[in-house]
A.B. asks: 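After the structure tokens below, expect a handful of questions from me.
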2 protein chains.
Amino acid sequence: MGTTPSSPDSTDHGTPALAMSAGLDQPEHQRLLAAEEDIQARLGDHSIDFVSLAAVSNIYRAAAAVRRRAEREILAEVNLSWGGFTILWVLWVWGEMETARLAGECDLAKGTLTGMVSTLEKQGLVERQRVEEDRRRVTVTLTSDGLALIEDVFPRFNRYEVAVTTGLSPQDKQELARLLRTVTTNAGS
Amino acid sequence: MGTTPSSPDSTDHGTPALAMSAGLDQPEHQRLLAAEEDIQARLGDHSIDFVSLAAVSNIYRAAAAVRRRAEREILAEVNLSWGGFTILWVLWVWGEMETARLAGECDLAKGTLTGMVSTLEKQGLVERQRVEEDRRRVTVTLTSDGLALIEDVFPRFNRYEVAVTTGLSPQDKQELARLLRTVTTNAGS
DNA sequence: TCTAGATCGTTTGGTACCTAACTAAAACGA
DNA sequence: TCGTTTTAGTTAGGTACCAAACGATCTAGA
């Protein structure tokens with residue numbers, strides 16, 4: 001993902017900013033209202049749904065933060081990109097897989113996948129095989145090096161997932177996943 | 001967002017896959033358990049926190065889905081990237097701003113911002129001014145064209161934010177934002 | 001005043017990502 | 001049986017993104 005809008009919600013990272021935070025402390029809350037009124041005034045008769053704005057904007061911010069730190073602290077030292085890691089993980093869980101389905105599982109465009117599989121192939125972590133019955137198609141499998149790597153990295157990654165969800169109860173986490181799934185479906189994955 | 005791992009959670013997009021979905025229907029649920037046991041077996045004595053995995057993986061998936069569709073259906077027709085839109089939005093809400101803070105508000109690396117501001121400048125949507133007192137620094141402002149554009153686009157973007165959160169109550173949306181803010185903080189924005 | 005260090009924004013180099021165009025293979029139809 | 005259409009994966013072109021190196025400017029300390 002790159003980074004981006006979803007309208008800023010900067011209370012989350014220190015600076016003043018829009019403050020959709022629903023913070024409980026008074027000054028925070030006042031600033032929230034001030035900003036909202038400010039925007040509202042600027043928009044005239046158009047009405048803005050700040051609650052939806054806050055929900056959506058935080059999705060992007062969280063995703064970017066989680067990804068950046070994972071790349072820096074876990075993936076970089078094994079020389080794996082976020083996308084590369086995903087591919088290894090999917091192949092590890094589901095085994096040999098054709099390119100088209102692999103792209104779907106990894107949520108990547110097929111053209112993107114081609115390049116990333118090539119990179120992993122050069123690194124000796126995966127292998128391509130043409131399908132005999134239909135020579136247009138290609139399957140991808142983990143090599144033993146790839147297997148060893150993902151078995152080493154994934155537990156660390158999962159510990160990181162636990163770390164970034166600190167402060168959320170198991171119920172919170174399930175609720176979070178559920179709400180996000182609805183959004184993903186609405187956006188039409 | 002880019003796209004990526006956070007371990008797949010593909011029930012969300014049709015294909016078989018990991019199915020952390022907490023689906024209620026029976027076959028779905030069985031598949032979930034089977035997959036979990038499968039991975040667990042593969043990992044031997046390492047234990048995996050599937051709830052955290054599902055929470056985190058869905059963040060990325062949702063962010064990517066939301067972004068892709070926004071770029072395609074809203075931003076493309078006004079020739080704006082997600083990042084470019086964010087910059088205009090921040091400047092619109094907060095007014096003239098120095099580069100460093102703008103990068104922070106937009107959640108972008110400063111080097112990234114430089115290029116994107118240059119693009120927007122070429123499009124005539126923003127302007128740069130050197131700060132008199134400290135000639136290292138630069139402020140960025142909206143031009144009248146930039147102002148007109150963001151006033152036109154933002155209401156549409158907000159309607160889109162409402163659309164992708166369809167099915168979530170206002171309380172759900174606030175809860176979603178709250179949970180995500182915790183994650184962002186944990187990941188150290 | 002002079003200089004060493006800190007602090008700006010920009011540049012650079014590299015990856016990742018998407019879309020659209022392309023190539024090759026299979027499937028279909030007359 | 002031969003074209004046409006469909007369906008694979010790859011390639012090409014462009015943007016976005018980050019991190020690290022760079023150059024210019026300010027600031028301290030002597």
Side-chain angles (χ1 to χ4, degrees), chain A residues 1-5 60-61 63-65 67-73 75-77 79-87 97-104 106-123 126 128-140 189, chain B residues 1-5 60-61 63-65 67-73 75-77 79-87 97-104 106-123 126 128-140 189:
Chain A
M1 253 125 166
T3 292
T4 308
Y60 207 90
R61 219 171 256 292
R67 175 177 174 158
R68 270 197 293 263
R69 182 154 163 203
E71 286 178 333
R72 225 178 328 118
E73 296 187 4
L75 271 16
E77 67 184 70
N79 202 31
L80 229 42
S81 69
W82 179 264
F85 171 76
T86 312
I87 292 170
M97 193 174 286
E98 289 188 13
T99 306
R101 181 167 162 225
L102 185 55
C106 296
D107 199 19
L108 291 170
K110 60 180 185 169
T112 303
L113 189 81
T114 295
M116 300 186 57
V117 167
S118 297
T119 301
L120 292 173
E121 207 173 21
K122 282 187 202 106
Q123 294 175 301
V126 303
R128 271 186 247 242
Q129 295 94 19
R130 285 236 163 249
V131 173
E132 285 306 323
E133 316 84 76
D134 182 346
R135 302 189 47 73
R136 290 171 303 183
R137 294 187 291 168
V138 168
T139 61
V140 185
S189 178
Chain B
M1 239 33 89
T3 291
T4 308
Y60 207 89
R61 220 171 255 293
R67 174 175 174 161
R68 271 197 293 262
R69 181 154 165 203
E71 286 177 334
R72 226 179 328 119
E73 296 187 5
L75 270 19
E77 65 184 72
N79 203 29
L80 230 41
S81 69
W82 180 263
F85 171 76
T86 312
I87 293 170
M97 193 174 286
E98 288 188 14
T99 307
R101 182 167 161 225
L102 185 56
C106 296
D107 197 21
L108 291 170
K110 59 181 185 170
T112 302
L113 190 82
T114 296
M116 300 185 57
V117 168
S118 298
T119 301
L120 292 173
E121 205 173 24
K122 281 186 203 108
Q123 294 175 300
V126 304
R128 270 187 248 242
Q129 296 95 17
R130 284 235 164 251
V131 173
E132 285 306 324
E133 317 85 75
D134 182 346
R135 303 187 45 73
R136 291 170 302 182
R137 294 188 291 169
V138 167
T139 60
V140 184
S189 178

A.B. asks: Please pick, from D:dC18, D:dA19, C:dT10, the nucleotide with the shortest atom-to-atom distance to any side-chain atom of B:Thr99.
C.D. replies: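 Comparing D:dC18, D:dA19, C:dT10 against the side chain of B:Thr99, the answer is C:dT10.
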A.B. asks: Roughly how far, to the nearest 0.5 Å, is CD of B:Gln123 from OG of B:Ser118?
C.D. replies: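 One finds 11.0 Å between OG of B:Ser118 and CD of B:Gln123.
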A.B. asks: For the pair made of CG in B:Asp107 and P in D:dC18, what is the distance, rounded to whole Å?
C.D. replies: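 The answer, rounded to whole Å, is 8 Å.
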A.B. asks: May I ask you to verify if any side-chain N or O of A:Thr114 is less than 4.0 angstrom from the OP1 or OP2 atom of D:dT10?
C.D. replies: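 Looking at the OP1 and OP2 atoms of D:dT10, one of them is under 4.0 Å from a side-chain N or O of A:Thr114.
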A.B. asks: Over all heavy atoms of both residues, which pair between B:Arg128 and B:Glu121 is shortest? Give the atoms and the distance, please.
C.D. replies: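 Closest approach of B:Arg128 to B:Glu121: NE-OE1, 3.1 Å.
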A.B. asks: For A:Ala100 and for A:Glu71, find the nucleotide of DNA chain D with the closest heavy atom, then tell me which residue's nucleotide is more 5'.
C.D. replies: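 Whichever sits nearer the 5' end wins; that is A:Ala100.
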A.B. asks: Given A:Val117 and A:Thr99, is the side-chain contact (heavy atoms from CB on, under 4.5 Å) satisfied, shown in steps?
C.D. replies: CA-CA 9 Å; A:Val117 167; A:Thr99 306; 6.0 Å; no
A.B. asks: Relative to the 5' end of DNA chain C, which residue comes earlier, A:Val131 or A:Leu80, by the nucleotide with the nearest heavy atom?
C.D. replies: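 Comparing both residues, the 5'-ward one is A:Leu80.
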A.B. asks: Choosing from C:dT10, C:dA16, D:dT10, which nucleotide comes nearest the side chain of A:Thr119?
C.D. replies: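 Of C:dT10, C:dA16, D:dT10, C:dA16 is nearest to the side chain of A:Thr119.
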A.B. asks: Where the side chain of B:Glu98 meets the backbone of B:Val131, is there a donor-acceptor pair that is under 3.5 Å apart?
C.D. replies: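 Flag not set: sc B:Glu98 to bb B:Val131 has no pair under 3.5 Å.
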A.B. asks: Between D:dC26, C:dA26, C:dG9, which nucleotide gets closest to the side-chain atoms of A:Asp134?
C.D. replies: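 The listed nucleotide nearest to A:Asp134's side chain is C:dA26.
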A.B. asks: Which of the following nucleotides, D:dA19, D:dC17, C:dC8, is nearest to the side chain of A:Arg72?
C.D. replies: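 For A:Arg72, the side-chain atoms sit closest to D:dA19.
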A.B. asks: Whole-Å distance between D:dT10 C1' and A:Met116 CE?
C.D. replies: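 Rounded to whole Å, this separation is 16 Å.
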A.B. asks: Can you check each nucleotide of nucleotides 1-7 of chain D against protein heavy atoms at under 4.0 Å and return B for base, S for sugar-phosphate only, - for none, in 5' to 3' order?
C.D. replies: ------B
A.B. asks: Check this one for me: any side-chain N or O of B:Arg130 less than 4.0 Å away from OP1 or OP2 of D:dA24?
C.D. replies: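 Checking D:dA24 against B:Arg130, no side-chain N or O comes under 4.0 Å of OP1 or OP2.
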A.B. asks: Does the side chain of A:Arg68 get closer than 4.0 angstrom to OP1 or OP2 of D:dC18 through an N or O atom?
C.D. replies: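 Yes, A:Arg68 has a side-chain N/O under 4.0 Å of OP1/OP2 on D:dC18.
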A.B. asks: Would you say A:Ser81 reaches C:dA16's phosphate, i.e. side-chain N/O to OP1/OP2 under 4.0 Å?
C.D. replies: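 Yes, within the criterion.
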A.B. asks: Nearest whole angstrom, please: distance from the C1' of D:dA16 to the CD1 of B:Ile87.
C.D. replies: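 Interatomic distance, CD1 of B:Ile87 to C1' of D:dA16: 11 Å.
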A.B. asks: From CG of A:Leu102 over to P of D:dG9, roughly how many Å is that when rounded to an integer?
C.D. replies: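 These atoms are roughly 10 Å apart.
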A.B. asks: For A:Arg61 and D:dC17, what is the distance between atoms CZ and P respectively, to the nearest whole Å?
C.D. replies: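 Value for this atom pair: 13 Å.
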A.B. asks: Rounded to the nearest 0.5 Å, what's the gap from OG1 on A:Thr139 to CD on A:Glu132? Could you check?
C.D. replies: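 Between atom OG1 of A:Thr139 and atom CD of A:Glu132 there are 10.0 Å.
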A.B. asks: Within this structure, what is the NZ-to-C1' distance between B:Lys122 and D:dG14, rounded to whole angstrom?
C.D. replies: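 These atoms are roughly 13 Å apart.
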A.B. asks: Using a cut-off of 6.0 Å, state whether more than 12 heavy atoms not belonging to B:Arg135 lie near its atom CZ.
C.D. replies: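 At most 12 heavy atoms, drawn from other residues, nucleotides or ligands, come within 6.0 Å of this atom.
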A.B. asks: Rounded to whole angstroms, how far apart are CD on B:Glu133 and P on D:dT27?
C.D. replies: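 My rounded result for the distance is 10 Å.
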A.B. asks: Rounded to the nearest 0.5 Å, how far apart are CG of B:Leu80 and CG of B:Leu120?
C.D. replies: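 It comes to 6.5 Å.
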A.B. asks: Using whole Å, what does the distance between atom C1' of nucleotide D:dC18 and atom CG of A:Leu75 come to?
C.D. replies: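 From A:Leu75 CG to D:dC18 C1': 14 Å.
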A.B. asks: Would you mind telling me which of C:dG9, C:dC18, C:dC17 lies closest to the side-chain atoms of B:Lys110?
C.D. replies: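 Output: C:dG9.
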A.B. asks: Are the side chain of B:Arg130 and the backbone of B:Arg136 linked by a donor-acceptor contact shorter than 3.5 Å?
C.D. replies: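 Indeed, once roles are kept as given, a pair shorter than 3.5 Å links the two residues.
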A.B. asks: Any side-chain N or O of B:Thr112 less than 4.0 Å from the OP1 or OP2 oxygen of D:dA16?
C.D. replies: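 Negative; the distance criterion is not met.
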A.B. asks: Strictly below 4.0 Å: does B:Arg135 bring a side-chain N or O up to OP1 or OP2 of C:dT7?
C.D. replies: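 Checking B:Arg135 against C:dT7: no side-chain N or O falls below 4.0 Å of OP1 or OP2.
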